[in-house]
Amino acid sequence: MSEVLTALSKVLEERKQAAPDSSYVASLYHKGLDQILKKIGEEAAETIIAAKGGDKSQIIYETADLWFHTMVLLSHQGLSVDDVLAELRRRFGLSGIEEKASRQDQG
């Protein structure tokens, strides 16, 4: 499953060096963090609307858009899917209560 995410991450990294008019992702990077965050907000809202509508294919479609734009954000910030997967691995097996408590102990 993560093979697709890894391949997509590589393409996103490559787009950082591309001219803004050469691809959608390159244009997002060129427009900067605020535009990337705006797209994530839009896609999150569309995912919520799809879930409320109950159409499974729409939920999948909108979730893919949300994940994609979140991956653009990660790349823009010098992070990767592997960083998120490592955090999920760290949390695996912890209850939500334990995980939240561990964050409060750190901050």
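The structure displayed is predicted, hence computed values, not measured ones. If you read the sequence from its start, that first residue is 1, and numbering goes on from there.
- Side-chain atoms of Leu73 and Leu79, non-hydrogen and from C-beta on, never get closer than 4.5 Å to each other.
- Contact detail for Ala26 and Ser23: the closest heavy-atom pair is N-OG, 3.0 Å.
- Rounded to the nearest 0.5 angstrom, Met71 CE and Leu66 CG are separated by 12.0 Å.
- For OH of Tyr24, the number of neighbouring non-hydrogen atoms (other residues, nucleotides, ligands) closer than 6.0 Å is greater than 12.
- Hydrophobic cluster membership is shared by Ile40 and Val81, with clusters built from Ile, Leu, Val, Met, Phe, Trp and Tyr side chains linked at under 4.5 angstrom.
- Listed for the Ser75 side chain is no donor-acceptor partner under 3.5 Å among the backbone atoms of Val72.
- With sequence neighbours excluded, the residues satisfying salt bridge (charged side-chain N to carboxylate O under 4.0 Å, His left out) with Glu42 are Lys39.
- Using a 4.5 Å cut-off between side-chain heavy atoms of Ile, Leu, Val, Met, Phe, Trp and Tyr, with links allowed through other members, Leu8 and Leu85 fall into the same hydrophobic cluster.
- For Glu14, the salt bridge (charged side-chain N to carboxylate O under 4.0 Å, His left out) criterion is met by no residue, not counting sequence neighbours.
- Between the CG atom of Asp65 and the OG1 atom of Thr70 there is a distance of 10.5 Å, given to the nearest 0.5 Å.
- To the nearest 0.5 Å, atoms CG (Leu12) and CG (Leu28) are separated by 10.0 Å.
- You'll find the side chain of Asp55 stays beyond 4.5 Å of the side chain of Tyr61, heavy atoms only.
- Judged purely by atom type and a 3.5 angstrom limit, Thr47 uses its side chain to pair as donor or acceptor with the backbone of Glu62.
- Side-chain atoms of Tyr29 do not come within 3.5 Å of backbone N or O of Ile36 as any donor-acceptor pair.
- Distance check: Thr63 OG1 to Gln58 CD gives 10.0 Å after rounding to the nearest 0.5 Å.
- Atom CG of Leu74 is separated from atom CG of Asp83 by 7.5 Å, given to the nearest 0.5 angstrom.
- For the pair Ser9 (side chain) and Leu5 (backbone), a donor-acceptor distance under 3.5 Å is present.
- Hydrophobic clustering places Phe68 together with Leu37 (ILVMFWY residues linked when any side-chain heavy atoms are closer than 4.5 Å, directly or through intermediates).
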task: Evaluate the criterion salt bridge (charged side-chain N to carboxylate O under 4.0 Å, His left out) for residue pair Glu13 and Lys16; output intermediate values, then yes/no.
output: CA-CA 5 Å; Glu13 281 300 312; Lys16 282 183 174 180; 3.3 Å; yes
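- Taken to the nearest 0.5 Å, the CZ atom of Arg15 stands 12.0 Å off from the NZ atom of Lys10.
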